[in-house]
Number of protein chains: 2
Amino acid sequence: MLNERSQKVLCAIVQTYINNPEPVGSGFITKRYAFNLSPATVRNIMADLEVEGFLSQPHTSAGRIPTDMGYRLFVNSLHSEIEYQPDNKSTLYRMVNELESIKDDINALLEETTKKLSGFSHYLSVAVCPSTRISTFNRIEFLKHRGSQVVAVLLTDEGLIKNKVLDVGSDLSQRHLNRISGYLNSEFHGYSLIEIRAKILREMAKEKDLCDTLISRAIRICKEALFFPYDDLFISGLAEVLGLPDFSDVEKIKEISRAIEDKHHMLQILEKISDTDGVKVIIGAENPMMQMKGFSLVASSYKEGDRPIGCVGMIGPTRMDYSRAIAVINTTARFLTRVLTDRK
Amino acid sequence: MLNERSQKVLCAIVQTYINNPEPVGSGFITKRYAFNLSPATVRNIMADLEVEGFLSQPHTSAGRIPTDMGYRLFVNSLHSEIEYQPDNKSTLYRMVNELESIKDDINALLEETTKKLSGFSHYLSVAVCPSTRISTFNRIEFLKHRGSQVVAVLLTDEGLIKNKVLDVGSDLSQRHLNRISGYLNSEFHGYSLIEIRAKILREMAKEKDLCDTLISRAIRICKEALFFPYDDLFISGLAEVLGLPDFSDVEKIKEISRAIEDKHHMLQILEKISDTDGVKVIIGAENPMMQMKGFSLVASSYKEGDRPIGCVGMIGPTRMDYSRAIAVINTTARFLTRVLTDRK
DNA sequence: TATTAGCACTCTCGATACGAGAGTGCTAAT
DNA sequence: ATTAGCACTCTCGTATCGAGAGTGCTAATA
């Protein structure tokens, strides 16, 4: 579609703009890059690129800035050099090492990871826990709390720990509860929570008319105990990201603040990425699901063994340093994968 | 210090400025308020108020705006009418009713409370859980997880549920763990976590030379399990607050973002308030501990019975609607107190 | 003596103008 | 096909100006 020379010019423009957020003129390109072209020729190429939709002009007689399509082409041309950048190797490794010590607690691990990522990259960083939807039931315990309240503690094979406060009838003793959890643990061990949900619904339909047996009661409690409307989402780096020149505009700031507070929506996007493999880059409004005009997301799933279970990523302006971001996220995701896989 | 008339004029100016963030001129005051004074007289009073430090002038020949001291006097003069404002009564009650349904889970309750508060008031709202420092030990359980990992689940009398992942030697069976938790539960029930910490340290000093008895082991594990560096902090409403005209300035936005991300510092302030009784108002840089120049905090502790255990509040620009904020926080804190006390 | 009317003064803000600078698009030459 | 040359366009910073709002001061007033 695009000849090689045009593509090279485009990439040069994108790179230049990423380094410094000002419209790029033809003169700069000819001076900075050894394409052996005159400014006039570059201008012609730029005009073509604009017609094709890769560049745009803030106004006549200004330089060009990349469109989302322009960034996309740039990012696609990047995919070969996805591995570590030399310059941030050491810092990144140091960061990863510091995380090694808390690898046992997946929540703490992800929280620290986002904190370190944002401090390190100056972008907003995000991570989601292994989704409760796909997690594998390991064990559930019920602890009698105050009055008729019971705390259900769910452990999954992925290392998730989830609490839920339930209100059961006041007549269940701890002994009863232990029998219930014993039953559930033997019955459900190894199933995914989704399967268990389905199983429970079937059971409930079957036992509908049965009176208050322990089992039917167990199942009803379990249905509640296994239902977690939201997965945990970690976000860090708002203050960092506001330091970028791209956020000198108040509207921009409001937009990213809204994105942060709308955790539900953010989760949807990240969980979709959690299911796939490798680094994903979503640029600007590419994905209709993100109303993030002006922002890009670089994210990757992390895995336990071969199975993707969660996702970690960075959000920045569309003018973000993709090659660095991709490298960083890639390294981070591999690190998480290694840690989560090794502990088996 | 200030005669009554001056004080009235000051309050009128503050109120006017709160309604509309523009410097207030002498003409407006005479027209709007029936003080029976001429603009010239008001100007004289304003000049005095400025000398005394209650007002400031953005530039010669502009109206006056309140200083932190001015807001302070205004707020102090307000304390009589601290109870519900008539206009937002119904909305506030509706909000509180909606929260009633999740009162069992204190974390969820506080999270929802902050969400509703910020949606309702358009200010940033915050809440802290009962501090683990002062919480009362109710019960601890250890669940063997993967490998040598153990999940400690701590329940407090205040309704807190805390998890912690520990790495104990791999040779402890669930049976051992149960004996340990049994021992701890009988030993520590009813003590505050702080007391227990002290007890543990004493025990450890005593048993230092003893070899690996179950008890000394229990104590060591417990020491770790009861240590939670941070309490949970809920913050909501960033996107809301950015809609206020006070945040048209990027610097202001950055400042509040930093305040949000510096949870450690925020916690310090709120936990101090958690220990006291009633609504506290901190205006601007009044409290040296908050580097929040330009922001005010209206907060109140909530109690269980007679004992303050946590804190809920709202943060807004110094130009915030204090009388409304105080009323709202007061109502909210009372609601929390009632809910947390009744469940006994 | 406290208040007020009158008035000159000061400062902001929006509109307008203008020149420098950067970069373009087009045309004609190579 | 590329390029040199040049006129053109647009932004941005600065300066200017007048309207408007509000003040501070002085002298008159109750």
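In what follows, every chain begins at residue 1, and chains take the letters A, B, ... in the order their sequences are listed. This is a predicted model, so every value here is computed, not measured.
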Pairing pattern in dot-bracket form [Watson-Crick, G-U; both distances under 3.5 Å; | = partner strand] for DNA chain C: ||||||||||||||||||||||||||||||

If the cut-off is 4.0 Å, is [X] near the phosphate of [N], judged by side-chain N/O to OP1 or OP2?
X	N	value
T41(B)	dA2(C)	no
S61(B)	dA21(D)	no
R5(A)	dT2(D)	yes
R43(A)	dT27(C)	no
S26(A)	dG23(C)	no

Candidate nucleotides dC10(D), dA4(D), dT4(C), ranked by approach to the side chain of L37(B) - the nearest: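 Out of dC10(D), dA4(D), dT4(C), the nucleotide with an atom closest to L37(B)'s side chain is dT4(C).
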
Selection from dC10(D), dT3(D), dA5(C) that lies nearest to any side-chain heavy atom of S38(A):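 The answer is dT3(D).
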
Send over the distance from [X] [atom1] to [N] [atom2], rounded to a whole Å.
X	N	atom1	atom2	value
R64(B)	dA21(D)	CZ	C1'	13 Å
I13(B)	dG22(D)	CD1	C1'	13 Å
E50(A)	dG23(C)	CD	P	16 Å
L55(B)	dG22(D)	CG	C1'	14 Å

Between S236(B) and T114(B), a side-chain donor and acceptor under 3.5 Å: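 S236(B) vs T114(B): no donor-acceptor pair found between side chains.
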
Side-chain H-bond candidate by donor/acceptor type, N19(A) with T16(A), under 3.5 Å: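 No, no side-chain donor-acceptor contact under 3.5 Å.
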
Flag if over 12 foreign heavy atoms under 6.0 Å of NZ, K8(B):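 Open.
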
Residue whose closest nucleotide on DNA chain C lies nearer the 5' end, G63(A) versus N44(A):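 Going by which nucleotide is closer to the 5' end, it is G63(A).
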
5' priority, DNA chain C, between P58(B) and P39(B) [closest heavy atom]: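 Looking at the nearest nucleotide for each, P39(B) comes out on the 5' side.
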
Considering all heavy atoms, the nearest F120(B)-L92(B) contact: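 Distance-wise, the nearest heavy atoms are CE2-CD1, 3.6 Å.
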
Aromatic plane relationship, Y322(A) with Y71(A) - under 30° parallel, 30 to 60° tilted, over 60° perpendicular: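 Plane angle between 30° and 60°, so tilted.
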
